[in-house]
Asker: 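Can you keep this structure in mind? I'll have questions shortly.
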Amino acid sequence: MSTTTTPATAPAPITASPARAADRTPRPAPEPIPFTRLLGVELTKMFDTRSGRWLTTSVAVTALIATAAVIAFAPDTALTFDTFGTAVGVPMAVLLPVLALLSVTSEYTQRSGLTTFTLVPHRHRVVRAKLVASVLVGIVGIAVALGTGAVGNLVGSSVAGVDTVWDVSAAQLGGLVLAYVLLMLVGFMLGVLIRNSPGAIVAYFVYNFVLSTLTMALAAYQPWFADLQPWVDFNAAQAPFFDGTFDATAWAHLAVTGSLWLVLPLAVGLWLVGRSEVK
Amino acid sequence: MIDVTALTRTYAGHRAVDDVTFTALPGRVTGFLGPNGAGKSTTMRVLVGLTPATSGSATVLGRRYADLPNPGREVGVLLDASAQHAGRTGLETLRIAARTMGLPARRADEMVERVSLTGPEARRRVKNYSLGMRQRLGIATALLGDPEVLILDEPANGLDPAGIRWMRDLLRGFADDGGTVLLSSHLLHEIEVVADDLVVIGQGRIVAQGSKAELLTAAGTLVRSPGVAALAQALEAEGVHVAPVGPDGLRVEADPDLVGRIALASATPLTELRAADGAGLEEMFLELTADTARESAPEGVAA
């Protein structure tokens, strides 16, 4: 006769009592989330945080300082579009990939991924949106760098009283766009691979500055490596695309080094994003 | 409507969630109760697709969560109020979520008001939020899409007493409007006041579940009588287990109706007869989780 607590093996069924529950008319299933919306959201998220704001501000400030410095200090013969474009573009090339990197890592380090990946349970859709957003930012970035460079060139040459020199070819422009996209992809790749903001930022600077210094030093002292270097060093392989001197060999170098340093780790990173738990 | 069937999640051989089956029904608040590390959060994470199940299934509104086309419009989720980008303002956090769901930005402002965050608070970065404010922001995110189901992991953490009261009323209202609420907590009192149904979990396994009324009955009856010895004898003669409470009281593992009948049959006068709720449920909770609680785990466990 005695009643004891409900045993674990045979849980008592929960009975529905309130009639109110049935009152709610079934709602039509909502429309799926279009990719363009995710892209817009991810673009906004790159810039609407404190770190995003500061990075963008730093890029703008360094661009202004660099342009002013060229006008103030460069010899008149150097007041060309190329000089101005490079002055603005180099700091931007260092800072913009950090935006791409943070767009991925912040979901983990700031743990906002708990909300992001709950609102969009298909992680790869979110990550693809971040990838496209990063590439777009890279393309807009180079456009802004060149635009600023063009204005600097016009102002600089008129201040100095010299002819305005437009010494950037269409092929060089194409190479620059490609180089910027690759830089953004590197930032993105380190983001998905490491998924931790401080770790990925350190890796980014090692990847861009320490590695290339090491390979250059190694190539300088070890003749056997000097021949090998163009097929191993991804940074060196990108250089011809920045200065517009790329040929068939440069493309081959880029393809080989890019597979090793970008495509392979990117594939691993994307696989890890799909598997790792968002805590 | 939430359906969890034979759900198991294993981490390197450790069964964090072990064959868990329960249903959370519309129009009711289902309390998911258990000590820390019992598997509540893991169950909820599997439910919303953040963690894959090792075996078993979990559905929300009849579908796997990942199959919902726009989950935010059907299911409001709050797993951890601290998991928000510290460098974004509260309002911006809501706007981002609203945009993802395809809602106008105005909806974010409405939710700020709904959860009683002030305008200046909403424009502050989440970094400067107290845990209570983060909970309100998390609730606002969950309610944003006008969902039919709410899944909330420890939402009362960090709220002040007025905030806890507010949360309780909010969940009650949501369920009364036909919504389904699954609410976890390790604090019995928090759940007891608002839940209609309870699911109690310990070390990954369900140890008890049922409506609160059923579980309260299961927690026994409190009876007082001047002839307490005779009553105890009569009850035990009927095979009912009793335990003395004070000089003239008994806690009886039977419902008050049965105790009353036995008292009448044995002609014992009673001074008090009631369900031993409140304290009884707490005792039940401690008892149910005793074998599974950390405190008792190290001793007497045969390897």
Side-chain angles (χ1 to χ4, degrees), chain A residues 1-9 11-27 29-34 37-38 40-42 44-45 48-54 102 106-123 126 275 277-279, chain B residues 21-23 25-28 30 45 48-51 65-66 68-74 77 79-80 82-88 92 96-97 99-102 125 141 148 176-179 197 205-211 214-215 217-219 238-241 253-255 258 284 287-288:
Chain A
M1 264 327 271
S2 77
T3 315
T4 51
T5 48
T6 319
T9 42
I14 299 170
T15 43
S17 54
R20 279 182 297 231
D23 292 350
R24 190 171 264 216
T25 45
R27 296 193 288 187
E31 291 294 305
I33 305 170
R37 192 195 293 161
L38 287 182
V41 166
E42 290 305 330
T44 308
K45 281 164 73 177
D48 76 347
T49 63
R50 205 166 69 143
S51 49
R53 292 246 163 83
W54 275 110
L102 286 178
S106 66
E107 300 284 6
Y108 295 84
T109 298
Q110 296 282 344
R111 304 181 60 218
S112 49
L114 230 52
T115 306
T116 307
F117 297 130
T118 314
L119 289 179
V120 187
H122 299 277
R123 271 180 227 178
V126 176
R275 279 191 55 93
E277 281 206 49
V278 188
K279 288 283 184 191
Chain B
T21 300
F22 68 88
T23 306
L25 291 164
R28 298 178 75 84
T30 303
R45 290 174 54 86
V48 301
L50 282 177
T51 298
Y65 187 88
L68 300 171
N70 190 346
R73 301 289 289 271
E74 297 183 87
V77 181
L79 291 183
D80 186 345
S82 318
Q84 324 241 22
H85 199 301
R88 206 169 268 138
E92 186 62 20
I96 288 287
R99 241 176 104 190
T100 309
M101 296 179 209
R125 293 189 197 286
T141 313
E148 290 175 64
D176 287 349
D177 286 342
D197 299 315
R205 298 189 72 92
I206 290 189
V207 288
Q209 66 172 311
S211 71
E214 280 167 9
L215 290 180
T217 312
E238 294 289 329
V240 179
H241 193 263
E253 285 184 12
D255 56 42
L258 178 68
M284 181 204 84
E287 202 178 292
L288 284 174

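Sequence lines set the chain letters: A, B, ... in the order given, protein chains first and strands last, and positions in each chain run from 1. Only a predicted model underlies this, so the values are computations on that prediction, with no experimental measurement involved.
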Asker: With a 4.5 angstrom heavy-atom cut-off, could you sort out which part of B:Thr100 is near chain A: side chain, backbone, both or neither?
Answerer: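 Its backbone and side chain both get close to chain A.
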Asker: Are the side chains of A:Val126 and A:Glu42 in contact, using a 4.5 Å heavy-atom criterion?
Answerer: yes
Asker: Looking at B:Glu92, B:Met101, B:His85, which has the largest count of heavy-atom pairs under 4.5 Å with chain A?
Answerer: B:His85
Asker: If you count heavy-atom pairs under 4.5 Å with chain B, which of A:Asp48, A:Val41, A:Leu114, A:Ile33 comes out on top?
Answerer: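 Of the options given, most contacts go to A:Asp48.
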Asker: With chain A as the partner, which of B:Leu68, B:Leu79, B:Asp80, B:Thr141 has the greatest number of non-hydrogen pairs under 4.5 Å?
Answerer: B:Asp80
Asker: Using the rule given for side chain to side chain contact (heavy atoms under 4.5 Å, CB included), can you reason through A:Val278 versus B:Thr51, listing the C-alpha separation, both sets of side-chain angles and the distance that settles it, and then say yes or no?
Answerer: CA-CA 8 Å; A:Val278 188; B:Thr51 298; over 6 Å; no
Asker: Check whether any side-chain N or O of B:Arg99 sits under 3.5 Å from a backbone N or O of A:Thr44 as a donor-acceptor pair, and report yes or no.
Answerer: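 Such a contact is absent between B:Arg99 side chain and A:Thr44 backbone.
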Asker: Using a 4.5 angstrom heavy-atom cutoff, name the option from A:His122, A:Arg123, A:Gln110 with the most pairs to chain B.
Answerer: A:Gln110
Asker: Please look at B:Arg125 and chain A and tell me whether the side chain, the backbone, both or neither of the residue comes under 4.5 angstrom of a heavy atom of that chain.
Answerer: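 Answer is side chain: those atoms of B:Arg125 sit under 4.5 Å from chain A.
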Asker: Determine yes or no for a side-chain-to-main-chain donor-acceptor pair under 3.5 angstrom, with B:Glu148 supplying the side chain and B:Glu74 the backbone.
Answerer: no
Asker: Quick check on A:Glu31 against chain B: is it the side chain, the backbone, both or neither that has a heavy atom closer than 4.5 Å?
Answerer: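 The backbone, not the side chain.
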Asker: Need one label for A:Thr115: side chain, backbone, both or neither, based on atoms under 4.5 Å from any heavy atom in chain B.
Answerer: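 The side chain, not the backbone.
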Asker: Quick check for you: among A:Ala29, A:Gly40, A:Ser51, which has the greatest number of heavy-atom pairs under 4.5 Å with chain B?
Answerer: A:Gly40
Asker: Considering all heavy atoms of both residues, which atom of A:Lys279 and which atom of B:Arg45 are nearest to each other, and what is their separation?
Answerer: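 Looking at all heavy atoms of both residues, the shortest contact is CA-NH1, 4.0 Å.
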Asker: Show the nearest heavy-atom pair for residues B:Gly72 and A:Leu119, with the distance to one decimal.
Answerer: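 In terms of heavy atoms, the two residues are closest at CA-CD2, 3.9 Å.
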Asker: Return the OG to CZ distance between A:Ser112 and B:Arg88, rounded to the nearest 0.5 Å.
Answerer: 6.0 Å
Asker: Top residue by heavy-atom pair count (under 4.5 Å) with chain A, among B:Gly49, B:Ala66, B:Ala97?
Answerer: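 Most pairs with chain A among the choices: B:Ala66.
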